Amino acid sequence: QGQQTMLGKANEFFQICDIEDKGFIARCDMQRLHGELPLSQEELEKVFDTLDADGNGFLTLEEFTTGFSQFLHGEEIP
Amino acid sequence: DPNMKAGTTSEGVLANFFNSLLSKKTGSP
């Protein structure tokens, strides 16, 4: 059940970033989050690079979910 | 290691990002 919740959240967050509902997140989509999230352009770029494991310039839901999963396992959520 | 400063590592930035998304979802009415 925890896994399902995690997948649901990852999906929800993916939708926030995938503004045009393309099915992937491009670098410019990430930069549009600047202003919505308290992160600098530089930090958003770094997030994108970290999540984009294969470095093809597009973030798929799978890559996004993997990153989110790593975050959940590496960080305690209060 | 100068690249391992707290908060500037990939993990730190990623944590920041997801925490922001979490609070965005739960913090707004």
Side-chain angles (χ1 to χ4, degrees), chain A residues 2-19 25-55 57 59-78, chain B:
Chain A
Q3 183 82 358
Q4 282 300 315
T5 310
M6 189 280 282
L7 287 174
K9 278 279 167 212
N11 205 38
E12 218 174 284
F13 294 161
F14 187 82
Q15 305 288 319
I16 294 175
C17 303
D18 182 15
I19 299 160
I25 302 168
R27 193 173 288 270
C28 58
D29 293 324
M30 200 60 129
Q31 285 165 349
R32 268 187 251 174
L33 290 172
H34 181 58
E36 289 206 45
L37 299 177
L39 276 86
S40 67
Q41 294 279 11
E42 199 180 57
E43 285 169 327
L44 287 167
E45 288 245 347
K46 195 161 186 175
V47 170
F48 188 89
D49 288 336
T50 306
L51 291 175
D52 185 18
D54 58 9
L59 272 188
T60 60
L61 177 60
E62 197 184 347
E63 284 171 327
F64 192 86
T65 306
T66 304
F68 186 54
S69 168
Q70 280 170 357
F71 156 72
L72 288 180
H73 292 122
E75 292 276 330
E76 300 254 345
I77 296 188
Chain B
D1 187 346
N3 295 320
M4 291 297 283
K5 277 181 278 181
T8 59
T9 60
S10 302
E11 276 177 28
V13 174
L14 211 57
N16 223 343
F17 172 68
F18 283 119
N19 276 323
S20 303
L21 282 172
L22 282 168
S23 52
K24 182 180 164 66
K25 288 307 282 184
T26 56
S28 53

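In the text below, chain A, chain B and the rest are named by the order of the sequence lines, each starting its count at 1. Bear in mind that the values here come from a model prediction, so they are computed numbers and not experimental data.
Distance check, rounded to the nearest 0.5 Å: CG of Asn16(B) to NZ of Lys46(A) gives 11.0 Å. Considering CG of Leu14(B) and CG of Leu51(A), their distance stands at 5.0 Å, rounded to 0.5 Å. Note that CD of Glu43(A) and OG of Ser10(B) are 12.0 Å apart. Values are rounded to the nearest 0.5 Å. In this structure, Phe13(A) CZ and Lys24(B) NZ are separated by 10.5 Å, a value rounded to the nearest 0.5 Å. Taken to the nearest 0.5 Å, the CG atom of Leu21(B) stands 10.0 Å off from the CD atom of Glu12(A).
Within 6.0 Å of the CD atom in Glu42(A), the count of heavy atoms belonging to other residues, nucleotides or ligands does not exceed 12.
Put simply, of Thr50(A), Val47(A), Leu37(A), the one with the most heavy-atom pairs under 4.5 Å next to chain B is Val47(A).
Considering only heavy atoms from C-beta on, Phe17(B) comes within 4.5 Å of Cys17(A) through its side chain.
Evaluation of the ring-ring contact (aromatic ring centres under 6.0 Å, His included) rule for Phe64(A) yields Phe14(A), Phe18(B) as partners, not counting sequence neighbours.
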